[in-house]
> 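Here it is, the structure in full.
Basis for what follows: all heavy atoms, side chains included, without hydrogens, waters or symmetry-related copies.
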Amino acid sequence: GDHRDLHSFPTRRSSDLQIALDTGWEELATSRERYALLVRLSGACAKQGVSLLGFGLADRQVRFAIEGGAVAIAHAMRGVRVGTIASLRGQGTVVCLGETKRWRSSCVEDALVWTHQVSQVDGALGPLASPWTSHRDVMGFRTASFFDAERVRSRIDVQRVHLRSGGRALPAAIVEPQAGASVGFLMRLSASVLGLLPSDRRSFALFTQLARACGWSVRDVADALMLSARRVRQLANGPVAPVDVALIALHDPRLCVVP
């Protein structure tokens, strides 16, 4: 019958399903490929009707926590593996994924902490200092389309997960603009808050509103985005983006670690 299964894999990518990447891990370590992997994972889980509870990516290891039936999870993971190998092969990179290891867990918090602790493998200064786990999402410092953090938050003690994952004091709720931040960094930070690459147009509204709040002119923003001043004004006055989240990140060195 159907049972609940929590998985993570290492790769030289990994998930309470773990996959190892034997060769080609350098290509998977790029921001573009890591975001592509997470989008692919989200789509595979949705297609199979299973729930992604958490993820963690390190250079040679990827961990996923997935809840659902064993067969559905296996199909989702097969799709992720095949899609990732095909994507990198199309770029001329030969990738060899190691064995997928599985563990079952009846505790969502245990599985989530396990995925977030992978950041320690790469020497991150705490779970918030890595943009490659779901810790920022769970703690409310990222709103990525590939992860439904609210569904997970409703089932855990967020503060306890943070502490168990190796976290210390949470960022201060400072939402004041910060002078001196470069346009280039604000662009990368805005994209990171949304789980996107800086070149992704979906991050332009947040970047525009953040840059304007930090004192950059319409012309400065227009030049950075290669858009017209008129279009920048539209973005600045359009739907409100999560500027408060970006401003909090701007004041905390851990959250300033961005792709």
Side-chain angles (χ1 to χ4, degrees), residues 31-32 34-36 38-39 41-42 52-55 57 112 116 119 124 126-156 158-159 161-162 165 167 169-218 220-222 224-225 227 231-259:
S31 299
R32 183 176 299 279
R34 285 186 170 187
Y35 277 139
L38 293 173
V39 170
L41 171 66
S42 177
L52 177 62
L53 301 180
F55 62 85
L57 282 61
L112 198 57
H116 294 174
S119 63
L128 284 176
S130 171
W132 300 119
T133 78
S134 49
H135 197 75
R136 290 183 181 181
D137 306 88
V138 170
M139 301 307 298
F141 299 115
R142 180 168 59 191
T143 57
S145 62
F146 50 73
F147 185 70
D148 185 356
E150 190 54 45
R151 178 173 55 191
V152 177
R153 278 196 291 265
S154 65
R155 301 175 59 185
I156 63 172
V158 174
Q159 295 279 3
V161 167
H162 179 62
S165 299
L170 289 172
I174 301 174
V175 293
E176 296 297 321
Q178 186 182 88
S182 71
V183 168
F185 178 72
L186 292 178
M187 185 180 294
R188 291 171 56 212
L189 181 68
S190 300
S192 181
V193 166
L194 298 174
L196 300 169
L197 292 169
S199 59
D200 194 312
R201 288 181 172 271
R202 291 173 292 174
S203 69
F204 286 7
L206 175 55
F207 164 64
T208 297
Q209 294 173 28
L210 178 63
R212 294 290 289 132
C214 291
W216 290 98
S217 70
V218 168
D220 292 328
V221 176
L225 295 177
L227 297 175
R231 179 55 182 147
V232 167
R233 292 189 185 94
Q234 290 174 339
L235 291 171
N237 297 317
V240 178
V243 177
D244 285 358
V245 175
L247 287 172
I248 290 173
L250 193 57
H251 289 272
D252 190 285
R254 294 168 297 181
L255 296 175
C256 284
V257 178
V258 296

> For the pair Thr208 (side chain) and Val232 (backbone), establish whether a donor and an acceptor sit closer than 3.5 Å, ignoring hydrogens and angles.
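The answer is no, because no donor-acceptor pair under 3.5 Å joins these two groups.
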> Quick check for you: to the nearest 0.5 Å, what is the distance between Arg231 atom CZ and Leu235 atom CG?
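Interatomic distance, Arg231 CZ to Leu235 CG, rounded to 0.5 Å: 4.0 Å.
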> Could you walk me through whether Met187 and Leu225 pass the side-chain contact (heavy atoms from CB on, under 4.5 Å) check?
CA-CA 9 Å; Met187 185 180 294; Leu225 295 177; 3.8 Å; yes
> Within the distance-only criterion (no hydrogens, no angle test), does the side chain of Arg153 pair as donor or acceptor with the backbone N or O of Asp137 below 3.5 angstrom?
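Pair found, side chain donor or acceptor close to backbone of Asp137.
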> Using the side-chain contact (heavy atoms from CB on, under 4.5 Å) rule, take Trp216 and Leu210 through it: C-alpha gap first, then chi angles, then the decisive distance, then the call.
CA-CA 9 Å; Trp216 290 98; Leu210 178 63; over 6 Å; no
> Looking only at non-hydrogen atoms, find the nearest pair between Pro259 and Ser31 and report the distance.
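Of all heavy-atom pairs spanning Pro259 and Ser31, the closest is CB-OG, 3.2 Å.
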> Any idea which heavy atoms bring Leu53 and Leu112 closest together, and the distance?
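The pair with the smallest heavy-atom distance is O-CD1, 3.0 Å.
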> If we only count heavy atoms from C-beta on, is the Cys256 to Phe185 side-chain gap below 4.5 Å?
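Heavy-atom side-chain distance check passes, below 4.5 Å.
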> Looking only at atom types and distance, does a side-chain atom of Ser190 sit under 3.5 Å from a main-chain N or O of Leu186, one as donor and one as acceptor?
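Flag set: sc Ser190 to bb Leu186 pair under 3.5 Å.
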> When rounded to the nearest 0.5 angstrom, what is the spacing between OH in Tyr35 and CG in Leu197?
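Result: 6.5 Å between the selected atoms.
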> Mark yes when over 12 heavy atoms from residues, nucleotides or ligands other than Arg32 sit less than 6.0 Å from its CZ; otherwise mark no.
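No, not enclosed.
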> With sequence neighbours excluded, what pairs up with Ser145 under the side chain to side chain donor-acceptor pair (under 3.5 Å) test?
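Scan of Ser145 (side chain to side chain donor-acceptor pair (under 3.5 Å), adjacent residues dropped) gives none.
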> Measure the shortest side-chain to side-chain distance between Leu206 and Val243 over non-hydrogen atoms and say whether it is less than 4.5 angstrom.
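Leu206 vs Val243: side chains touch.
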> Atom CZ of Arg136 and atom CZ of Phe147: how far apart are they, to the nearest 0.5 Å?
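Going from CZ on Arg136 over to CZ on Phe147, the span is 14.0 Å.
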> Can you tell me how far the CD atom of Gln159 sits from the CE atom of Met139, to the nearest 0.5 Å?
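Going from the CD atom of Gln159 to the CE atom of Met139 covers 5.5 Å.
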> Answer whether the closest heavy-atom distance between the side chains of Leu41 and Phe146 falls below 4.5 Å.
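A side-chain contact is absent here, since even the closest heavy-atom pair is not under 4.5 Å.
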> Are any non-hydrogen side-chain atoms of Ser134 and Leu52 less than 4.5 angstrom apart?
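SC-SC contact between Ser134 and Leu52 ruled out.
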> Return the minimal non-hydrogen interatomic distance between Leu247 and Cys214, and the atom names on each side.
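Looking at all heavy atoms of both residues, the shortest contact is CD2-SG, 4.4 Å.
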> Could you grab the distance from atom CZ of Arg142 to atom CG of Leu128, nearest 0.5 Å is fine?
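Nearest 0.5 Å value for the CZ-CG distance: 10.5 Å.
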> For the side chain of His135 and the backbone of His116, is there at least one donor-acceptor N/O pair under 3.5 Å apart?
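Checked: no pair found.
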> So does Trp132 get a backbone contact from the side chain of Ser130, meaning a donor-acceptor N/O pair under 3.5 Å?
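Flag set: sc Ser130 to bb Trp132 pair under 3.5 Å.
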> Mind checking the CG-CG spacing from Leu189 to Leu194? Nearest 0.5 Å is all I need.
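Spacing of CG (Leu189) from CG (Leu194) equals 9.5 Å.
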> Testing the basics here: between Ala213 and Pro177, what is the closest heavy-atom pair and its distance to 0.1 Å?
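Closest approach of Ala213 to Pro177, heavy atoms only: O-CB, 3.1 Å.
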> So which heavy atom on Pro242 is nearest to which on Val193, and how close?
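That closest heavy-atom pairing would be CG-CG1, 4.4 Å.
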> Which residue pairs pass the side chain to side chain donor-acceptor pair (under 3.5 Å) test when at least one of the two sits in residues 191-200, sequence neighbours left out?
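Every side chain to side chain donor-acceptor pair (under 3.5 Å) pair that includes a residue of residues 191-200, provided the two are not neighbours, is Asp200-Arg202.
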> Kindly give the heavy-atom pair with the smallest separation between Val221 and Arg212, and that separation in Å.
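Looking at all heavy atoms of both residues, the closest pair is CG2-CD, 4.4 Å.
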> Look only at the side chain of His251 and the backbone of Glu176, and say whether a donor-acceptor pair between them is shorter than 3.5 Å.
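Judged by distance alone, yes, a pair lies under 3.5 Å.
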